[in-house]
Novice: 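Handing you this structure, nothing more for now.
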Amino acid sequence: IYLMAEEVKESKWINKQRTLIVCSRGGNRLQKDLSNDLHALLPNSKKEVKVERKNAYEEILELCHMRSCNNYLYFESRKKKNIFLWVGRAPNGPSYKFYVSNITTSKEVKLTGNCIKGSRPLVSFDGEFS
């Protein structure tokens, strides 16, 4: 019985994936609201202050190391109009760049409901739904 208790204790999985959310300088209000919404939705996320655009990659890797984050979301704003989202794994994983358009934040939508924060609600529809 003692050996079985040790095996159960060792096999317990712990989520160690943490995501750093950071923005570049010169962004607008929508960029800040979008990053706040993503921070509220992701249960294991950490938010950091803005970084300079010139050496952003090195700063993000350093912040990920300091905050013990495996992933990062970086909102890069150009000319206060275009917003790009960099999604990547630190320190040497792949990174993807997306163009962000048509931003609608949770403040503008005003949805009603009783969802618990961080519960990751899921919506599924049956085949009979019309």
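If you read the sequence from its start, that first residue is 1, and numbering goes on from there. Keep in mind that the numbers below use all heavy atoms, side chains included, and drop hydrogens, waters and symmetry copies.
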Novice: For the residue pair Val22 and Ile60, establish whether any side-chain heavy-atom pair is separated by less than 4.5 Å.
Specialist: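 Yes. Closest side-chain heavy atoms under 4.5 Å.
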Novice: Counting only N and O atoms by type, is there a donor-acceptor contact under 3.5 Å from the side chain of Asn28 to the main-chain atoms of Gln31?
Specialist: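 Looks like yes, one N/O pair under 3.5 Å.
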Novice: Give the table of side-chain donor-acceptor pairs shorter than 3.5 Å for residues 62-76, with sequence neighbours excluded, one pair per line with atom names and distance.
Specialist:
residue : atom : partner : partner atom : Å
Arg67   : NH1  : Lys47   : O            : 3.3
Arg67   : NH1  : Glu48   : OE1          : 2.5
Asn71   : OD1  : Arg89   : NH1          : 3.0
Asn71   : ND2  : Gln17   : OE1          : 3.3
Glu76   : OE1  : Trp86   : NE1          : 2.8
Glu76   : OE2  : Arg53   : NE           : 3.3
Glu76   : OE2  : Arg78   : NE           : 3.3
Glu76   : OE2  : Arg78   : NH2          : 3.4

Novice: Does the Ser45 side chain pair with the main chain of His39, one donor and one acceptor, at a distance under 3.5 Å?
Specialist: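 At least one qualifying donor-acceptor pair exists.
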Novice: Hydrophobic clusters here meaning ILVMFWY residues chained together by side-chain heavy-atom distances under 4.5 Å, can you tell me if Val87 and Leu41 are in one?
Specialist: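 Not linked; separate clusters.
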Novice: Determine yes or no for a side-chain-to-main-chain donor-acceptor pair under 3.5 angstrom, with Thr105 supplying the side chain and Leu34 the backbone.
Specialist: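 No; judged by distance alone, with no hydrogens or angles, the pair does not exist.
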Novice: Do Tyr99 and Leu85 sit in one hydrophobic cluster, given that two such residues count as connected whenever their side-chain heavy atoms are within less than 4.5 Å of each other, even indirectly?
Specialist: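 Different clusters.
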Novice: Work out which heavy atom in Val100 is nearest to a heavy atom in Phe84; give both atom names and the distance.
Specialist: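 Heavy atoms only, the tightest pair is CG2-C, 4.4 Å.
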Novice: Considering residues, nucleotides and ligands other than Lys97, do more than 12 of their heavy atoms fall under 6.0 Å from its NZ?
Specialist: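 For Lys97, atom NZ is crowded (more than 12 foreign heavy atoms under 6.0 Å).
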Novice: Kindly give the heavy-atom pair with the smallest separation between Ser77 and Ser24, and that separation in Å.
Specialist: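 The pair with the smallest heavy-atom distance is N-OG, 2.9 Å.
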Novice: Do Leu20 and Leu38 share a hydrophobic cluster, counting only Ile, Leu, Val, Met, Phe, Trp and Tyr and linking them when any side-chain heavy atoms are less than 4.5 Å apart?
Specialist: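 Looking at the clustering, Leu38 is in a separate group from Leu20.
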Novice: Can you measure from NZ (Lys54) to CD (Glu52) and round to the nearest 0.5 angstrom?
Specialist: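 Answer rounded to 0.5 Å: 7.5 Å.
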Novice: Do Phe98 and Leu42 belong together in a cluster built from hydrophobic side chains that touch within less than 4.5 Å?
Specialist: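 Phe98 and Leu42: one cluster.
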